[in-house]
Amino acid sequence: MKSIQIAIDGPASSGKSTVAKIIAKQFGYTYLDTGAMYRAATYLALQHQVEQEDSSAIMALLDQFPISFGRNEKGEQLVFVGDVDITHAIRENQVTNNVSWVSALAPIREKLVDLQRKIAAQGGIVMDGRDIGTVVLPEAELKIFLIASVEERALRRFKENKEKGIPTDLERLKEEIALRDHKDSTRAVSPLKAADDAITFDTTGVSIEGVVAFISKKAKEILDK
Ligand code: DC
């Protein structure tokens, strides 16, 4: 059966991972959260007190504790470095607030992009991130670029954190999201931007179901061609 590559990019908390997971399930494709991989590298850097910019130390840690994914009994995705489950740890504020400098290091990006392409080569995939349509999978049949206002994205992350029991201040969250947007879109290597052939979709005020229906329809159109 024909399978395609679906690239979903966009800024922090634009709803990428939520919709990407649902789409992957609908189509029976693999879902890859590339943000989790940059978060895993950041976790290792912090855990081992790596100096900022020291990409060789992080590269060595990634060799020693390779990133892998698993599933729990509920079918939820788990993230590991070596055999340590860091699924929850990588969502903590300390990781979130340091991930921009780690993900701006070219050697780290090269290593993780290589891994992302290897996973994509195995079949139908839905991958979410910042540079999937532009760098990781430039040949993806469907490229979606999701955007939403800073206010709405901060509110989404606030609710998510509350559910996970992570204490958060909404105003501070808005500032952090705006700052991360700025850093992600102005960095020299693979900045956050829509691919020329991506469909940009503003999810402000749109339900998850609405976004899923839109992407699903586009994917089916390509598969039926
Ligand atoms: O999607 P997220 O918030 O979990 O991503 C965490 C960080 O990782 C984000 O601030 C930028 C970086 N990232 C990246 O540089 N490239 C990707 N493909 C995915 C994430």
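Note that the structure is predicted; figures quoted are calculated from it, not measured. Position 1 is the first residue of the sequence; numbering continues from there.
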Inset, instruction - Answer yes if the ring centres of H48 and Y43 are under 6.0 angstrom apart, and no otherwise. - result: no

Legend entry - Residues that, via side-chain heavy atoms closer than 4.5 angstrom, fall in one hydrophobic cluster with I147: F145, L192

Inset, instruction - Would you mind checking if D181 and R153 are paired as a salt bridge, meaning a charged N to carboxylate O distance below 4.0 Å? - result: yes

Inset, instruction - Considering only Ile, Leu, Val, Met, Phe, Trp and Tyr, and joining two whenever side-chain heavy atoms are under 4.5 Å apart, list the other residues clustered with I215. - result: I4, I6, I8, V19, I22, I23, F27, Y29, V126, L142, I144, L146, I199, F201, V206, I208, V211, V212, F214, I222, L223

Inset, instruction - In plain terms, say whether R172 and E176 are close enough for a salt bridge, that is, a side-chain N and a carboxylate O under 4.0 Å apart. - result: yes

Legend entry - L105/I58 under side chain to side chain contact (heavy atoms under 4.5 Å, CB included): CA gap, chis, key distance, verdict: CA-CA 10 Å; L105 301 171; I58 305 176; 3.9 Å; yes

Inset, instruction - Answer yes or no: is there an ion pair linking D63 with K111, defined by an N-O contact shorter than 4.0 Å? - result: yes

Legend entry - Test salt bridge (Lys or Arg N to Asp or Glu O under 4.0 Å) applied to R130 and D9, step by step: CA-CA 5 Å; R130 303 292 189 287; D9 289 300; over 6 Å; no

Legend entry - Sequence-distant partners of E73, side chain to side chain contact (heavy atoms under 4.5 Å, CB included), two or more places apart: none

Inset, instruction - Inspect the contact between E221 and K217 and indicate whether a charged nitrogen and a carboxylate oxygen are less than 4.0 angstrom apart. - result: yes

Inset, instruction - State plainly whether the residues K16 and D33 are in salt-bridge range, i.e. N to O under 4.0 Å. - result: no

Inset, instruction - Could you tell me whether E152 and R156 have a side-chain N and a carboxylate O separated by less than 4.0 Å? - result: yes

Inset, instruction - Using the rule that two of Ile, Leu, Val, Met, Phe, Trp, Tyr join whenever any of their side-chain heavy atoms come within less than 4.5 Å, decide whether F69 and V136 are in one cluster. - result: yes

